[in-house]
Amino acid sequence: MGQEPLTVKTPIADYLDDLLDDVRDRDAGAVADYIPDLAGAPTDRLAAAVCTINGVLYTAGDDDVEFSMQSISKAFTYALALEQHGLDKLLEIVGMEPSGEAFNELSLDDATKRPMNPMINAGAIAVNQVIDGEEATVENRTETLRRFYSRLAGRELRIDEGLVESELGTSDRNMAIAYMLRSYGIVRDSARDAVESYVRQCAVMVTVSDLAVMGATLANGGVQPVTGEQIIERRVAQLVQAVMSSAGMYDAAGRWMATVGIPAKSGVSGGLLGTLPGQLGLATFSPRLDAQGNSERGKLVFQRFSHEGGMHLMSAETFGGAPVRVVKVVDDVTVFVLQGSMDFNGAEVFLRTAETHEFRTDTVRIDIHRVNRFNRIARTMTLEGMRRMREDGLTVQLLDPEGVLEDPDLGDGTYPEIVRED
Ligand code: GLU
């Protein structure tokens, strides 16, 4: 070996390059032209980024080009509104059902007279209004949002003032929506302020890397994976991704979920953000849009990534393996060696194996030195299983050198015998 240390390069960035090369020449679709500033944007830009929940970022293409978040901002504003007001309060102003309609439809739920969901403009304008409460000014509210998005991205993001002006000049449709919301008491500000506040959130500028990190934060239960900061409550992150999955892709949301299966949110500037809960955030940028307003080449990148990467949320691939590695008798002790990540299914296999086992020793040892984690339900089930073993007359030992089952209270204030080694 030479003096220089050897380094290896992961193939993931090359794979992203390859995904982009595959779609680079596709020229279907057209840029959104109802906002003058977007109509003039170069159409051939193309970029992709993936951020894992471990905070590792892979990028390809025009990854340093900034574009406006547009509708992608809706998902994060909804997250902040949920943080500030809670779900019950928000459900009073915006529903959670897919609308199946275009993003800028002048529509409300027939029965409740609320916007159907926070991902269409009517819902997003309503949600924007509750940030920092009714008394907040447009400036304060949008500054709160800009800062919130910046924490999620891990860098200071800016609002493109030129774009705000440009969009405000052509926002009759959104003004009509704001007047409609005012007439039902959902919006209290002037229609003009409501639209300006919403348009300002849409004009926050990001790169694909920013979006991938923001998405990974949702996928990571609200913990920004690079800084390690818990920015969004776990339950809120879950809610936001659920709403993205049913309503994030405008009127193409159902088909998207069926064929691609990655919760996603698109914006009319050509950005597309996807999240895979527990795995990663994925973002693409390519400005030409299909008839529903979703990025043409972005969609193709997502499709291939989903198919080849086994990323469809409903793919039902399991990685649990065999949670009970072996049951053996060592020195008059029956030892259950568990392994891997324990979830409901893993714990169920353990409990069932224990139930059908004929014990020929007085002592049982649960050896979890090969288990890397228990989720909450697996922990509860495993400890309860151990409590019952003791109730049935066995002496119960736990071998857990890494402390994976922290504080193994069997649920009645008692503990198993802790053993240090085999
Ligand atoms: N600012 C845009 C609008 O309200 C966002 C729409 C979108 O990205 O779908 O028209």
Side-chain angles (χ1 to χ4, degrees), residues 30-41 66-78 80-81 93-94 99 101-108 114-132 134 136-146 149 157-206 247-251 265-271 287-289 291-295:
V31 295
D33 56 6
Y34 71 99
I35 302 174
D37 247 42
L38 291 184
E66 288 193 330
F67 51 94
S68 50
M69 287 176 77
Q70 297 297 340
S71 270
I72 298 172
S73 65
K74 294 169 178 173
F76 297 102
T77 301
Y78 187 49
L80 184 58
I93 62 159
V94 60
S99 69
E101 290 171 337
F103 68 97
N104 59 0
E105 200 60 46
L106 268 138
S107 75
L108 295 177
R114 294 166 318 182
M116 295 287 281
N117 66 65
M119 301 294 154
I120 54 171
N121 286 12
I125 292 172
V127 170
N128 175 288
Q129 279 286 290
V130 303
I131 298 298
D132 287 351
E134 270 176 29
T137 61
V138 172
E139 289 70 35
N140 292 346
R141 188 173 287 147
T142 43
E143 180 57 10
T144 297
L145 285 168
R146 189 196 63 77
Y149 303 161
L157 303 176
R158 66 180 179 91
I159 293 176
D160 183 337
E161 297 294 341
L163 179 60
V164 172
E165 286 312 309
S166 167
E167 184 164 353
L168 283 177
T170 56
S171 49
D172 289 347
R173 186 98 195 170
N174 283 331
M175 287 293 286
I177 292 174
Y179 278 119
M180 174 185 72
L181 294 170
R182 266 178 63 82
S183 76
Y184 286 100
I186 296 170
V187 159
R188 300 267 160 79
D189 270 8
S190 70
R192 171 77 195 184
D193 277 1
V195 171
E196 182 175 342
S197 187
Y198 162 71
V199 164
R200 290 184 73 78
Q201 84 168 44
C202 289
V204 172
M205 302 298 285
V206 289
M249 295 294 281
Y250 309 121
D251 32 342
K265 185 75 207 83
S266 61
V268 287
S269 59
R288 285 189 295 267
L289 311 176
Q292 277 89 29
N294 298 318
S295 167

Take the angle between the ring planes of Tyr149 and Phe76 and call it parallel below 30°, perpendicular above 60°, tilted in between.
perpendicular

For the backbone of Asp37 and the side chain of Ser166, can you confirm whether one donor and one acceptor N or O come within less than 3.5 Å of each other?
yes

Nearest-0.5 Å distance, CD1 of residue Ile72 to NZ of residue Lys265
7.5 Å

Considering all heavy atoms of both residues, which atom of Tyr198 and which atom of Ser71 are nearest to each other, and what is their separation?
OH-OG, 4.4 Å

State, to 0.1 Å, how close Asn294 and Tyr250 come at their nearest heavy-atom pair, and which atoms those are.
OD1-CD1, 3.1 Å

Separation between SG (Cys202) and CG (Leu163), nearest 0.5 Å, reads 8.5 Å

Which atom pair, heavy atoms only, marks the closest approach of Ala203 to Val164?
CB-CG2, 3.6 Å

Using modelled atom types and a 3.5 Å cut-off, is there a donor and acceptor pairing between side-chain atoms of Asn140 and backbone atoms of Glu143?
no

When rounded to the nearest 0.5 angstrom, what is the spacing between CZ in Arg114 and CG in Leu108?
10.0 Å

Please name the pair of heavy atoms, one in Ala194 and one in Ile125, separated by the smallest distance, quoted to 0.1 Å.
CB-CG2, 4.2 Å

Which pairs pass side-chain hydrogen bond (donor to acceptor under 3.5 Å, both in side chains) with one or both residues in residues 167-180, sequence neighbours excluded?
Asn121-Asn174

All pairs passing side-chain hydrogen bond (donor to acceptor under 3.5 Å, both in side chains) where residues 122-132 contributes a residue, at least two apart
Gln84-Asp132, Asn128-Ser197, Asn128-Gln201, Gln129-Asp189, Asp132-Thr144

Donor-acceptor contact below 3.5 Å, side chain Arg146 vs main chain Leu157
yes

Is it the case that the side chain of Lys74 and the backbone of Pro118 share a donor-acceptor pair, with hydrogens and angles ignored and the cut-off at 3.5 Å?
no

Scanning both residues in full, the closest heavy-atom pair of Met119 with Ala75 reads CE-CA, 3.7 Å

Got Ile35 and Gln70 here, is their nearest side-chain heavy-atom distance under 4.5 Å?
yes

Between CG on residue Leu145 and CD1 on residue Ile131, distance to nearest 0.5 Å:
5.0 Å

Heavy atoms, side chains only, cut-off 4.5 Å: are Ser68 and Leu38 in contact?
yes

Step through the shown structure and confirm whether more than 12 heavy atoms of other residues, nucleotides or ligands are within 6.0 Å of CZ on Arg188.
no

Under 6.0 Å from the OH atom of Tyr34, do we count more than 12 heavy atoms belonging to anything else shown?
yes

Taking all atoms of both residues into account, what is the closest heavy-atom pair of Ala191 and Met175, and its distance?
O-SD, 3.9 Å

To the nearest 0.5 Å, what is the distance between OG (Ser266) and CG (Leu289)?
8.0 Å

